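The structure presented is a predicted model; accordingly, all values stated were derived computationally and were not measured. Every number for a ligand or one of its atoms is a count from 1 in the order of the listing.
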Amino acid sequence: MVYVSTRGGAQADAPEAILRGIASDGGLFVDPALGREAFDWRLCLQKDALGIQTMLLSHLLPGLGGMDELVRKAYTGKFESDELTPLVKVGGDYVLELFHGPTSAFKDVALSMLPQLVSAARAERGETGECVVLTATSGDTGKAALEGFHDVPGTRIFVFFPHEGVSAVQRAQMVTQEGANVTVCAVRGNFDDCQRGVKQAFAALADDAALAARHQALTSANSINIGRLAPQLGYYFIAYARLLREGRISLGDPVDYVVPTGNFGDILAGWMAKQLGLPVGRLICASNANRVLTDFFESGVYDRRRDFFRTASPSMDILVSSNLERLLYYVSGGDCALVRSCMEQLSKQGFYRFPEELMAKLRREFSACCCTDAEGAETIGALWREEGYLCDPHTAVAVRAAQAFRQSGRSDAPLVILSTASPYKFPGAVLGAIGAQAEGDEFAQMEALAALTGVPMPRGLAALREKRVLHRDVIGIDEMIPYIQKKLSEVS
Ligand SMILES: *Cc1c(COP(=O)(O)O)cnc(C)c1O
């Protein structure tokens with residue numbers, strides 16, 4: 001199998017695509033034959049969670065030996081349940097809890113796996129230098145990547161986060177990270193600035209002589225990396241298998257999934273699962289007040305020229321959703337010239353219009369919906385009062401979208417709502433939403449939330465308060481590249 005760039009200018013096998021992260025022409029690596037190679041999705045549904053991951057990853061990332069061993073190393077002992085992502089019935093729908101990994105965010109599912117994939121890819125290609133992982137984070141990717149990569153031999157990890165754009169818990173998780181190969185740095189800007197800076201660093205440092213002399217090569221832990229995206233298909237299968245086992249559906253019945261969306265990685269994984277045969281019905285793209293994707297699905301115009309809102313769901317505060325590029329590639333039948341032109345327009349003019357006949361195709365598979373912070377808070381409160389279920393502000397956006405979708409009467413298939421973070425990561429917002437006072441710092445708020453609701457607090461979060469701050473750097477948007485160069489010239 002060969003991966004190609006969405007913009008047509010590069011190709012790589014799976015190990016190389018993982019190690020490079022992003023294609024040299026700025027595009028994202030995609031498998032042009034996705035869904036056309038034989039994949040026994042029925043067999044896949046009979047396996048347990050690790051078996052599902054092994055089968056999917058062997059299919060999507062051929063050329064990496066011993067996948068079952070890699071999967072076992074990635075997950076064993078790190079998640080609260082063997083199921084990895086438990087499914088909970090809430091009202092008439094299902095909530096798929098993706099946040100039971102080491103950092104209490106859904107990104108753990110992929111970022112527990114990625115270091116194993118990177119190490120295997122390095123071994124496969126006989127690489128002996130240093131693999132430098134560059135990461136931009138809106139809050140959760142950073143910690144999950146740090147947790148995965150700290151002290152992994154042959155790697156070094158950089159995490160850039162928006163200085164004032166993450167919650168106090170998210171910040172504490174990152175700036176207390178230990179490990180000799182770890183750099184954590186705040187950037188005076190928002191997530192889009194961090195992500196642009198990282199993409200520019202890839203371009204600027206691709207042929208950097210100093211890096212080459214030190215045998216340092218860059219890769220990405222963001223969902224632009226196919227090695228980060230591929231492990232995310234698993235839980236769409238895990239949820240479907242669970243519904244089958246419980247007799248709530250028959251094999252082949254469609255199931256709709258609602259996904260709280262930022263960079264479009266999570267929901268794209270659902271669409272890819274569908275290409276492999278999983279009977280996914282509709283995919284509902286749920287956004288917060290940064291409703292660029294809702295507008296795109298409605299109007300066919302992707303327009304980032306708008307006010308950026310800091311919301312109660314910061315991991316979704318994104319105006320440039322990178323992974324949409326992969327969907328545009330697939331839905332246009334691999335029209336790289338079209339994708340390149342759209343991405344150029346987005347970068348130069350701030351918007352593009354996607355052809356109407358292709359939008360019609362997209363609308364047959366996707367719905368989109370957005371809500372404000374006030375509506376999200378109302379949803380958290382109502383769900384707690386009526387169902388006794390506590391959800392975080394990101395999940396609330398999806399619950400709200402699920403309700404709107406139900407009311408539209410478009411489908412009566414079972415609905416799975418992806419829950420992407422523990423409510424304890426955003427205790428102030430959650431307390432306020434259930435009608436309690438949010439007093440003191442976030443750690444006091446976590447305790448108040450536990451006392452009030454009795455929902456167990458994740459262990460990793462409870463321990464944070466005692467940890468020492470190890471990372472204090474704050475830089476401007478334009479300083480990212482020199483900062484990386486300087487840090488890489490120092491011995492780790
Ligand atoms: C990253 C994240 C999202 C958005 O996922 P994408 O793959 O970027 O669309 C949603 N919720 C939480 C809590 C996240 O950390």
Side-chain angles (χ1 to χ4, degrees), residues 28 85 95-111 114 135-147 159 161-162 165-167 169-170 173-174 191-192 194-195 220-226 228-236 257-273 283-288 290-294 296 311-327 366 368 370-371 376 380 391-401 417-426 429-430 458 461:
L28 307 187
T85 58
V95 175
L96 180 61
E97 295 186 343
L98 306 178
F99 56 79
H100 294 289
T103 79
S104 308
F106 94 92
K107 284 159 171 116
D108 287 326
V109 179
L111 285 165
L114 184 61
T135 311
T137 182
S138 56
D140 285 340
T141 297
K143 178 60 184 179
L146 290 165
E147 189 66 36
V159 168
F161 69 90
V166 300
S167 81
V169 172
Q170 288 176 321
Q173 283 186 305
M174 291 186 279
F191 170 72
D192 289 313
C194 296
Q195 177 160 260
S220 165
N222 287 100
S223 51
I224 53 177
N225 190 327
I226 189 66
R228 155 73 196 278
L229 195 57
Q232 295 187 225
L233 275 68
Y235 40 77
Y236 289 89
Y257 292 81
V258 190
V259 189
T261 299
N263 220 5
F264 211 77
D266 207 6
I267 192 166
L268 183 77
W271 186 84
M272 289 168 69
L283 287 159
I284 297 124
C285 172
S287 300
N288 63 24
N290 295 299
R291 49 175 292 167
V292 61
L293 287 165
T294 312
F296 170 70
T311 73
S313 42
S315 298
M316 297 158 65
D317 290 345
I318 292 176
L319 294 181
V320 180
S321 298
S322 296
N323 271 295
L324 187 63
E325 178 167 347
R326 286 189 163 108
L327 184 64
F366 289 88
C370 60
C371 76
I380 295 173
C391 78
D392 96 291
H394 300 77
T395 307
V397 171
V399 172
R400 186 94 186 177
I417 298 163
L418 274 61
S419 174
T420 47
S422 160
Y424 283 99
K425 285 194 100 168
F426 308 94
V430 175
L461 296 184

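- When side chains are defined from C-beta on, Thr420 does not count as touching Met316, because their heavy atoms never get closer than 4.5 Å.
- Shortest contact from atom 7 (O) of ligand 1 to any protein heavy atom: Asp266 N, 2.9 Å.
- Judged by distance alone, the side chains of Asp317 and Thr311 do bring a donor and an acceptor atom under 3.5 Å apart.
- For ligand 1, none of its N or O atoms has an N or O atom of Gln232 under 3.5 Å away.
- For ligand 1, the atoms sitting less than 4.0 Å from at least one non-hydrogen atom of Ala421 are 13 (C), numbered in the order shown with element in parentheses.
- When only non-hydrogen protein atoms are considered, atom 9 (O) of ligand 1 lies nearest to Gly262 N, 2.7 Å.
- Atoms of ligand 1 found under 4.0 Å from any heavy atom of Lys107, numbered from 1 in the order shown, are 1 (C), 2 (C), 3 (C), 14 (C), 15 (O).
- Between the side chain of Asn288 and the backbone N or O of Ser313, at least one donor-acceptor pair lies under 3.5 Å.
- When Phe191, Phe106, Phe264 are ranked by how near their heavy atoms come to atom 5 (O) of ligand 1, first place goes to Phe106.
- With a 4.0 Å cut-off on non-hydrogen atoms, Met316 touches ligand 1 through its side chain and not its backbone.
- Residues Gly139 and Met174 come closest through the heavy atom pair O-CE, 3.9 Å.
- Side-chain contact check for Asp266 versus Thr261: every heavy-atom pair is 4.5 Å or farther apart.
- Contact detail for Ser223 and Asn323: the closest heavy-atom pair is OG-ND2, 2.8 Å.
- Among all protein heavy atoms, the one lying closest to atom 13 (C) of ligand 1 is Asp140 OD2, 3.1 Å.
- The two residues Pro231 and Ile226 have their closest heavy-atom pair at CD-O, 4.5 Å.
- No N or O atom of Thr141 sits closer than 3.5 Å to an N or O atom of ligand 1.
- Taking only nitrogen or oxygen atoms, main chain and side chain alike, Ile318 does not reach within less than 3.5 Å of ligand 1.
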Practice prompt. Start with the C-alpha gap between Thr395 and Phe99, add the side-chain angles, then the distance that decides, and say whether side-chain contact (heavy atoms from CB on, under 4.5 Å) holds.
Written response: CA-CA 11 Å; Thr395 307; Phe99 56 79; 5.6 Å; no
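- Polar contact check, Ser223 against ligand 1: no nitrogen or oxygen pair lies under 3.5 Å apart.
- Every atom of ligand 1 is numbered from 1 in the order shown, and the set under 4.0 Å from a heavy atom of Pro260 is 4 (C), 10 (C).
- Near Thr261, meaning under 4.0 Å from any of its heavy atoms, are these atoms of ligand 1: 9 (O).
- Lys425 pairs in a side chain to side chain donor-acceptor pair (under 3.5 Å) with only one of the listed residues (Gln170, His394, Gln173), which is Gln173.
- Of all atoms in ligand 1, numbered sequentially from 1 with element shown, those under 4.0 Å from a heavy atom of Gly265 are 6 (P), 7 (O), 9 (O).
- Side-chain atoms of Thr137 and Lys107, non-hydrogen and from C-beta on, never get closer than 4.5 Å to each other.
- Looking at Asn263 next to ligand 1, an N or O pair under 3.5 Å apart turns up.
- For ligand 1, the polar-atom distance check against His394 finds no nitrogen or oxygen pair separated by under 3.5 Å.
- The shortest contact between atom 12 (C) of ligand 1 and any protein heavy atom is with Thr420 OG1, 3.4 Å.
- Phe106 and Tyr235 have perpendicular rings, their planes meeting at more than 60° on a 0 to 90° scale where under 30° would count as parallel.
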